[in-house]
Amino acid sequence: MLDPKLIKEKPQVIQDMLKARAVEFDLEGLIESDQKRREFIIKTDELRKKKNQVALTISEKKKAGEDISGILEEMKKVSEELTKLELEQNNVEKKYLKLASSIPNLIHESVPIGKDDESNKEVKKWGDIPEFDFKIKDHIDISEDLDLVDLERAAKVAGARFYYLKNDLVRLNQALINFGLDFLREKGYSVVQPPYMINRESMEGAVIADDFEEVIYKIDNEDLYMIGTSEHAMAAMHSKEIIEGKDIPKKYAGISPCFRKEAGAHGRDQKGIFRVHQFDKIEQFIFSKPEDSWKEHEKLLSIAEEFYQKLKIPYRVMLLSTGDTGNISAKTYDIEAWMAGQNAYREIVSCSNCLEYQARRLKIRFRDKTNDDTQYVHTLNSTLIATTRVLVAIMENFQTKDGHIRIPEVLQGYMGNQKEI
RNA sequence: GCCGGGGUAGCCAAGUGGUAAGGCGGCUGUCUCGAAAACAGCUACGUGAAAGCGUGCAGGGGUUCGAAUCCCUUUCCCGGCGCCA
């Protein structure tokens, strides 16, 4: 949600954003309904004022023992009128809110204009693409040959896009998680394991309406939704709170499984564990002061980069174009890791600055002194590890001629100094 | 799951149908070389150029001319009982 004041005071800013994102949006209608809403507020406030005055008169007359039957009639009329007006106002307000909350976030000036990922800009490349003197396999063949993943039985038991992780791959998964948590803890993050299911109000604060149906699983007959990432639960953690300025920035390392419908992804990455309904993820989540959020955004990216440098996985950093940037984000970097089996860079990290967009929906504010005006915080998030995708990168990039997998040096200590799978 | 007690402003806390007590913390002013103390005003959200006005007593609904207060309902916290990895 954007600052409603923008609609009245700087509609051009919204207009520019809509043009950059090439989003269809009825801005005229929004401005109109905003105006109508204000008119109704003034009208109902006036009537309420009258009601309060009459109520006061009744109270005084009653105390004085005077007859109040006439004025009671008047009060009744005012009340009825007010009820009617409030109903109308409610409808206007609802219409306005629906429109207002569906405006996408502002977009940063550095984001390249474009309609899709074709216009994404490569801003950095790190590491040498590995060369092999033998015929390499993709992660599906590797994991099958080494008995590390069972996709067939998972399909039988749960369906497509599920997997049984087995043997040393389970240990590698845990090693990644433990390494990742230690890594972020050393950077000053608090480690948090959030609820894996959250209520609708919280989910709506962090997720844009369209994503709800496409991504989020709902629990039958409960007001509960399974998180698609710990970001959802982390964003809502401080909802309806006023945080003390000295406690900001708050830096959290969220660790949780992620559940995603992957609706609309039919046919893409159909095989293997690259695109699945469930995986583990460590997420960096930051509540920042507005003036620091762009600095924090770059820092988030650099921390994620450092992590993949330690693993020695080659990657490139992409700045997403306006068309590829999510509606709640003002600027997003993706890190794409080299995946030898696919001979391509594939997304493993997404790093976004959401400005005050989520905070406004979730009512997360801060202030430096008790009596200062409250301000909305800025929220930022970045993947550190989406485990299945990193496992794919490790399996494919670190495969050996004799069909094994070299374990990255930094993870060996987390696997009893094992060097190979 | 059952029984009981609770949820009032940044925090604490009074308030049994007639304009939301009080305290703490904070801000501004007076005073002062400066500060402290003392005193006064302000201290949430909306609307408005402003004065002001309105809203706000966990959320939703109802009764009433009028609800923090009475009724219904949802939710969370505390205590007890039950169940339980």
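Letters A, B, ... mirror the listed sequences (proteins, then strands); counts begin at 1.
If you take atom P in B/A21 and the same atom in B/A14, they sit 15 Å apart, rounded to whole Å. Comparing the same atom, C1', in B/U16 and in B/U64 gives a spacing of 16 Å after rounding to whole Å. Taking the C1' atoms as reference points, B/A20 lies 13 Å from B/U55, given to the whole Å. Comparing B/C42 with B/G23, their P atoms sit 13 Å apart, to the nearest whole Å. To the nearest whole angstrom, the two P atoms, one in B/G56 and one in B/A68, are 7 Å apart. Between B/G17 and B/C83, the distance separating the two C1' atoms is 43 Å to the nearest Å. Comparing the P positions of B/G7 and B/C70 gives an interatomic distance of 11 Å, to the nearest angstrom. With both ends at atom P, the span from B/C57 to B/G61 equals 12 Å, rounded to whole Å.
Although no hydrogens or angles enter the test, the distance criterion places no donor-acceptor pair under 3.5 Å between the side chain of A/D280 and the main chain of A/I282.
For A/R185, the salt bridge (charged side-chain N to carboxylate O under 4.0 Å, His left out) test picks out A/D182, with sequence neighbours left out. Partners of A/D117 by salt bridge (charged side-chain N to carboxylate O under 4.0 Å, His left out), not counting sequence neighbours: none found. Scanning for side-chain contact (heavy atoms from CB on, under 4.5 Å) contacts around A/E201 gives A/N199, A/K240, with sequence neighbours left out. With sequence neighbours excluded, no residue forms a ring-ring contact (aromatic ring centres under 6.0 Å, His included) with A/Y189.
Counting non-hydrogen atoms of neighbouring residues, nucleotides and ligands closer than 6.0 angstrom, the NZ atom of A/K166 exceeds 12 such neighbours.
Dashed line: the shortest gap from a side-chain N or O of A/T374 to OP1 or OP2 of B/C45 is under 4.0 Å.
Nucleotide B/A38 forms a Watson-Crick or G-U wobble pair with B/U30, both donor-acceptor distances falling under 3.5 Å. Across all strands shown, B/C53 pairs with B/G46; the Watson-Crick or G-U wobble distances both stay below 3.5 Å. Base pairing annotation: B/C2 forms a Watson-Crick or G-U wobble pair with B/G80, both donor-acceptor distances under 3.5 Å. When both distances must be under 3.5 Å, the Watson-Crick or G-U wobble mate of B/G10 is B/C24.
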* **Verdict with reasoning, A/W294 to A/H108, per side chain to side chain contact (heavy atoms under 4.5 Å, CB included)** => CA-CA 10 Å; A/W294 290 114; A/H108 192 254; 3.3 Å; yes

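Rounded to an integer number of Å, the gap from CD1 of A/I198 to C1' of B/U75 is 17 Å. In this structure, the CG atom of A/D3 is 13 Å from the C1' atom of B/G46, given to the nearest Å. Following rounding to the nearest Å, A/Q375 (CD) and B/C45 (C1') show an atom-to-atom distance of 16 Å. Between the CG atom of A/D247 and the C1' atom of B/G10 there is a distance of 13 Å, given to the nearest Å. Rounded to whole angstrom, the span from the CD atom of A/Q89 across to the C1' atom of B/G46 amounts to 10 Å. Atom CD1 in A/I243 sits about 17 Å away from atom C1' in B/C11, given to the nearest Å.
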* To do: Would you mind building the protein contact string for nucleotides 47-65 of chain B? One character per nucleotide, 5' to 3', B for base within reach (heavy atoms under 4.0 Å), S for sugar-phosphate only, - for untouched.
  => SSS---SSS---------B

Could you tabulate the donor-acceptor pairs under 3.5 Å formed by side-chain atoms of residues 71-79 of chain A, not counting sequence neighbours?
| from | atom 1 | to | atom 2 | distance (Å) |
| --- | --- | --- | --- | --- |
| A/S79 | OG | A/M75 | O | 3.3 |

